Amino acid sequence: MRTLNRAGFTLIELVVSFVILAVMSGVIAAVVAAAVRSAAHGNHLLVAERTRQSLQLLLTEELRDADAADVLSLAPDRIRFARPVGEAVPCAIMSASMLLADSAWTGVRAPEAGRDHAWVLADPATASWIESPIAAVAPDRCPDGSPALRLDLAVAVPAAALARVTEPVELEAYLSAGTTWLGLLGVPSASPVQPFAGPLASGTTRFLLGTGRLDASVQPRDDAAATISIPLRAVP
């Protein structure tokens, strides 16, 4: 009769196998945890850099033609300024109304009543500007018959060498669900502020008007603070 040989694992072999598996599991877990931490850190740096770039791009774009007089009010955590919409030399002015020829208008959009303000350069020699909210906007024609927009203002204005249209807006650091964000809203506006950059370290946003520039200090959460300087034109 043939004897059957039974192959198997000894207790020592099983123990060694379990030890090897435990070590390998620990190594794999450490590698995965390191990869997760690295990805989270990379994502955090990306968010922080995007926050800084968003603020710089917005201020550079919105204040590209601004001077210090376009900064309407300033607080440590908010700034109200006149966002440029467009400009033109009026083809006619009638008391509290002025006509802007379509062909002369240069801007990012058409003026809007209740949203925009008109700045009229009444005296170029003294750089005297008159500001007024725009009460109404309607199509019209210049004295030469060319298409134009009629802007009805809240105050009467004299003959003007130039008319600028701006939109008052406010940039502020605000708290939402325990997190600080940067947001932009029109002034006046019943709509809630719209976030565009963040999250930020609470209480660290600062706006400061310097000589020929606006300094904005912003600190993304758990990251270093950065100061962004936006040049402003000299007041004419």
Side-chain angles (χ1 to χ4, degrees), residues 48-90 100 104-109 111 115-134 155 157-158 160-174 180-189 193-198 200-220 223-236:
E49 183 60 25
R50 187 166 59 239
T51 295
R52 287 187 284 265
Q53 289 183 357
S54 296
L55 178 60
Q56 181 165 11
L57 288 173
L58 181 131
L59 290 177
T60 301
E61 175 64 21
E62 302 300 350
L63 296 175
R64 64 190 183 281
D65 297 320
D67 56 41
D70 290 318
V71 178
L72 307 178
S73 65
L74 193 69
D77 59 348
R78 63 176 55 87
I79 177 174
R80 184 174 295 184
F81 58 90
R83 166 195 275 179
V85 175
E87 62 184 26
V89 176
L100 304 180
W105 173 257
T106 56
V108 295
R109 59 171 174 80
R115 176 181 179 183
D116 298 331
H117 286 215
W119 293 74
V120 178
L121 181 58
D123 187 353
T126 60
S128 175
W129 292 83
I130 298 175
E131 180 197 5
S132 171
I134 299 175
V155 300
V157 295
L162 180 67
R164 294 177 60 196
V165 175
T166 64
E167 178 190 5
V169 294
E170 186 169 282
L171 175 65
E172 66 174 32
Y174 72 100
T180 302
W181 296 82
L182 275 175
L184 188 71
L185 73 160
V187 178
S189 175
V193 62
Q194 297 298 315
F196 75 92
L200 306 174
S202 181
T204 59
T205 302
R206 293 290 182 271
F207 295 105
L208 179 65
L209 190 61
T211 303
R213 72 181 193 278
L214 172 70
D215 293 331
S217 178
V218 60
Q219 183 176 351
D223 202 86
T227 298
I228 299 164
S229 292
I230 304 300
L232 300 175
R233 296 185 305 174
V235 178

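Bear in mind the structure is a predicted one, so any value in this text is a computation, not a measurement.
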**Request:** Given side chain to side chain contact (heavy atoms under 4.5 Å, CB included), test Arg109 with Asp116 step by step and report yes or no.
**Result:** CA-CA 11 Å; Arg109 59 171 174 80; Asp116 298 331; 2.8 Å; yes
**Request:** Could you give me the CA-CA distance, side-chain angles and deciding distance for Val165 and Trp105, then say whether side chain to side chain contact (heavy atoms under 4.5 Å, CB included) is met?
**Result:** CA-CA 10 Å; Val165 175; Trp105 173 257; 3.8 Å; yes
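Between Glu170 and Ile79 the shortest side-chain heavy-atom distance does not fall below 4.5 Å. Between Val169 and Leu185 the shortest side-chain heavy-atom distance does not fall below 4.5 Å. Residues Asp77 and Tyr174 are not in side-chain contact: their nearest non-hydrogen atoms beyond the backbone lie 4.5 Å or more apart. Within the 4.5 Å cutoff, the side chain of Leu59 has heavy atoms near those of the Leu171 side chain. Pro168 places none of its side-chain heavy atoms less than 4.5 Å from the side chain of Arg83. Between Leu208 and Leu214 there is no side-chain heavy-atom pair separated by less than 4.5 Å. Between Gln53 and Ile228, every side-chain heavy-atom pair lies at or beyond the 4.5 Å cut-off.
When all heavy atoms are compared, the tightest approach of Leu162 to Ala88 is CD1-O, 3.6 Å. Among all heavy-atom pairs drawn from Ala173 and Thr180, the shortest one is CB-CG2, 4.1 Å. The nearest pair of heavy atoms linking Trp119 to Trp129 is O-CZ3, 3.4 Å. Taking both residues in full, the closest heavy atoms of Ala163 and Leu100 are given as CB-CD2, 4.1 Å, listed atom of the first, atom of the second, then distance. Here the closest heavy-atom approach between residue Glu167 and residue Gly186 is recorded as OE2-CA, 4.4 Å.
For the atom pair CG of Leu182 and CG of Leu200, the computed distance is 5.0 Å after rounding to the nearest 0.5 Å. A distance of 8.0 Å separates OG1 in Thr166 from CD1 in Ile134, rounded to the nearest 0.5 Å. Rounding to the nearest 0.5 angstrom, the gap separating the CH2 atom in Trp181 from the OG1 atom in Thr205 is 12.5 Å. The distance from atom OG1 of Thr60 to atom CD1 of Ile230, rounded to the nearest 0.5 Å, is 3.5 Å.
When the side chain to side chain contact (heavy atoms under 4.5 Å, CB included) test is applied to Thr204, the partners found at least two apart in sequence or on another chain are Ala201, Gln219. For the salt bridge (charged side-chain N to carboxylate O under 4.0 Å, His left out) test, residues two or more places apart in sequence or in another chain that qualify with Arg164 are Asp70. The salt bridge (charged side-chain N to carboxylate O under 4.0 Å, His left out) test applied to Arg206 returns no partner, not counting sequence neighbours. For Asp215, the salt bridge (charged side-chain N to carboxylate O under 4.0 Å, His left out) criterion is met by Arg213, not counting sequence neighbours. Partners of Glu172 under the salt bridge (charged side-chain N to carboxylate O under 4.0 Å, His left out) rule, at least two apart in sequence or in another chain, are Arg78. Remark: Ser132 pairs with Leu153, Ala154, Val155 by the side chain to side chain contact (heavy atoms under 4.5 Å, CB included) rule, at least two apart or across chains.
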